[in-house]
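The sequence lines fix the lettering, A, B, ..., with proteins before strands; numbering per chain opens at 1. Note that these values count all heavy atoms, side chains included, but never hydrogens, waters or copies made by symmetry.
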There are 2 protein chains.
Amino acid sequence: MGRYLTLAACQMGPIPKHASRRETVERLVCMLENAAKAGAELVVFPEMGLTTFFPRWLIEDDLEIESYFESSFPSSDTEPLFAAARKLRLGFALSYCERADEGNEKRRFNTMSLVSAEGEIIGRYRKIHVPGTETVEPGFTPHLERRYFLPGDLGFPVFSYRGIGIGLAICNDRRWPETYRMLALNGADIVLLGYNTPFFLEEAPEMAHLRMFHNHLPMQAGAYQNALWVAAAAKAGVEEGQFLIGGSCIIAPSGEMAALAQSLGDEMIVHRADLDFVQLCRKANFDFDRYRRPDQYRSIGERRAALARPI
Amino acid sequence: MGRYLTLAACQMGPIPKHASRRETVERLVCMLENAAKAGAELVVFPEMGLTTFFPRWLIEDDLEIESYFESSFPSSDTEPLFAAARKLRLGFALSYCERADEGNEKRRFNTMSLVSAEGEIIGRYRKIHVPGTETVEPGFTPHLERRYFLPGDLGFPVFSYRGIGIGLAICNDRRWPETYRMLALNGADIVLLGYNTPFFLEEAPEMAHLRMFHNHLPMQAGAYQNALWVAAAAKAGVEEGQFLIGGSCIIAPSGEMAALAQSLGDEMIVHRADLDFVQLCRKANFDFDRYRRPDQYRSIGERRAALARPI
């Protein structure tokens, strides 16, 4: 008998600015119920699954910024999600904007929490690769994540869910090979990922046709090169005038697409992930202990940018 | 006016065991001449471009093993290649089995050298990720590279060719994301790669249909994630009874296939690589200096294997 875990990625259509937390949570609970009916044992939701993707705007009013953040998770608004997890015996990973003050310092993170089938917080991850800029920059599509969020400070933790190593990652994290490698080194067999990705970038109109390719390529390579499952959920469709790509997917440790969303709206994809396949791929393709050469990779953890090019 | 360098990847059909070095060098010179006619400015040949891929055999006779190695490069046998480079004003990268003795120690490496358009050695790289095993292992297709070669000890050097940063990589190196990342951090804009990849692996018959996908996926991801050009040349077709995949390719910094071989024999593919596109991709997708977080990646350069999985 092999080991399996049935994964569901719940893609979401747009969350409008005016949607109340309560409305959005109802929508998430409904998706959890559908996932349970489909036999899912673990669910992942998109990045900023409780709010619209507000970093597309320059917001000066601190109270308005605050309105997108959770100062506790669960709160009275989000508690119904935890109740649903308990009732359905179904764990989930949800991203949200986290306010975590320390003393007088207002600390804000782009965070994903993993919740058990008993409705308990297992652990949380804070986005390491915060993209965008601090201010609006000419020639770039406004994307002010670096204005509103601190870079994650919890490393790349891996959590146990039914004895299986689960890593979490958020949006831009998926483009960096270090994300998957760090999670694999920390014991992940499955990576859960949420994202919001605009179709059009002012800074690279030449590559508009490559947006979906650039979405899937690093996730497929990350799955293959680390022999792990990746389940990724997008926010998709036109949200507050901005077109977000979909392409939510579940990727096998072979790098193959095992399931792929077909719409730009609320859509659930499900796959029964074979954990023995992880071991087979590791043995056949990537025996880290035998073949990796960490002494040769030092600069990856020491140097941020490339050396000036040789003359 | 943009900066360009016209790259050629010269795929080779099989090199039989009985082929003399002189015969094989003639074949390489002929390919260099064709590349020059096609406007190439830098050429890459496959891994073990001077011999058959002998690590498929368990060889006990040291003299026979010796026959596959070069104790100098150039030698009288390989000098015609250097003469051709000078005559054609065309640089190339060639892989071969290097014997580099030190004192009484017989040191053997799987090596690639970069040669200038003046026919001078610019530099050399020794394969970091030596795959296979030291002895024949039941359940694995015999692949004894680790019996015959030491792991490379020169790091991931980047060389200047007409002022452009060139990194070298050999076969199995292409599957590891650290290869491209190290080369990019060391200043590479172009990675030249040679490989010999058998179609069938006894250890993973379930993944036979994925061999070409697994060939291209990590190279495309490596190109995209590091915004550099990759030119890769295969040895292809049935060599000494073993079927080698082809799929030689030139990949853009967008991860797109710019050129792809269509045969399993001697075949040249050419592409005029736009170096300004490298800069555009770096700016739009991967500004290392702004977004990388080396302090979060330490384990990549410190730990070989994954932690035991959480319970």
Side-chain angles (χ1 to χ4, degrees), chain A residues 128-129 131 151 155-156 158-160 163-165 172 175-178 181-182 184-187 189 201 203-204 206-207 210 213-214 217-218 220-221 224-225 254-256 280-281 283-286 288-289 291-311, chain B residues 128-129 131 151 155-156 158-160 163-165 172 175-178 181-182 184-187 189 201 203-204 206-207 210 213-214 217-218 220-221 224-225 254-256 280-281 283-286 288-289 291-311:
Chain A
I128 293 281
H129 300 97
F156 292 97
V158 170
F159 305 107
S160 176
I164 299 157
N172 187 251
R175 304 194 189 271
W176 302 85
E178 289 89 352
R181 188 60 105 217
M182 285 299 302
L185 287 171
N186 288 343
D189 289 335
L201 291 185
E203 58 268 34
E206 307 86 341
M207 286 184 272
L210 299 175
F213 174 59
H214 287 169
L217 177 65
Q220 292 187 271
Y224 166 64
Q225 292 175 317
S254 59
E256 289 173 289
L280 173 71
C281 290
K283 175 177 162 252
N285 300 329
F286 295 106
F288 281 12
D289 198 37
Y291 298 117
R292 287 188 79 249
R293 308 266 322 264
D295 57 310
Q296 302 293 320
Y297 311 147
R298 288 279 150 75
S299 304
I300 291 173
E302 287 171 356
R303 198 150 23 91
R304 208 160 60 209
L307 295 177
R309 233 148 285 115
I311 307 299
Chain B
I128 293 280
H129 300 97
F156 292 97
V158 170
F159 305 106
S160 175
I164 298 157
N172 186 251
R175 303 193 189 274
W176 302 85
E178 289 89 351
R181 187 60 105 216
M182 284 299 302
L185 287 172
N186 288 342
D189 288 335
L201 290 185
E203 59 269 34
E206 307 86 341
M207 285 184 272
L210 299 175
F213 174 60
H214 287 169
L217 177 64
Q220 292 185 271
Y224 166 63
Q225 291 174 317
S254 60
E256 288 173 289
L280 174 70
C281 289
K283 176 178 161 249
N285 300 329
F286 295 107
F288 281 13
D289 198 36
Y291 299 118
R292 287 189 79 249
R293 307 267 321 266
D295 58 309
Q296 302 293 320
Y297 311 148
R298 290 276 152 76
S299 304
I300 291 174
E302 287 172 355
R303 198 153 20 92
R304 209 159 60 211
L307 295 177
R309 232 147 285 115
I311 308 298

Closest-packed option against chain A by number of heavy-atom pairs under 4.5 Å, given [options]:
options	answer
E203(B), Q225(B), M207(B)	Q225(B)
F286(B), F288(B), Y291(B)	Y291(B)
A204(B), S299(B), A184(B)	S299(B)
E256(B), Q220(B), E302(B)	E256(B)
P131(B), P218(B), P177(B)	P177(B)

>> I'd like to know if the side chain of N186(B) pairs up with that of R181(B) as donor and acceptor (distance under 3.5 Å, no hydrogens or angles considered).
In response: no
> Any side-chain donor paired with an acceptor under 3.5 Å for R175(A) and Y224(B)?
Replying inline: yes
Side chain from CB out, backbone as N, CA, C, O: work out which of these in [X] comes under 4.5 Å of a heavy atom of chain B, or both, or neither.
X	result
E206(A)	side chain
L210(A)	side chain
F213(A)	side chain

> Donor-acceptor pair, H214(B) side chain versus S254(A) backbone, under 3.5 Å?
Replying inline: yes
Max heavy-atom pair count under 4.5 Å with chain B, selected residue of [options]:
options	result
G301(A), A305(A), P151(A)	G301(A)
N285(A), L280(A), L201(A)	L280(A)
R298(A), Q296(A), K283(A)	Q296(A)

> With side chains defined as the heavy atoms from C-beta onward, is the minimum distance between L185(A) and I300(B) less than 4.5 Å?
Replying inline: yes
>> Which residues pass the salt bridge (charged side-chain N to carboxylate O under 4.0 Å, His left out) test with R292(B), not counting sequence neighbours?
In response: E178(A)
> Aromatic rings W176(A) and H129(A): how do their planes relate, parallel, tilted or perpendicular, breaks at 30° and 60°?
Replying inline: parallel
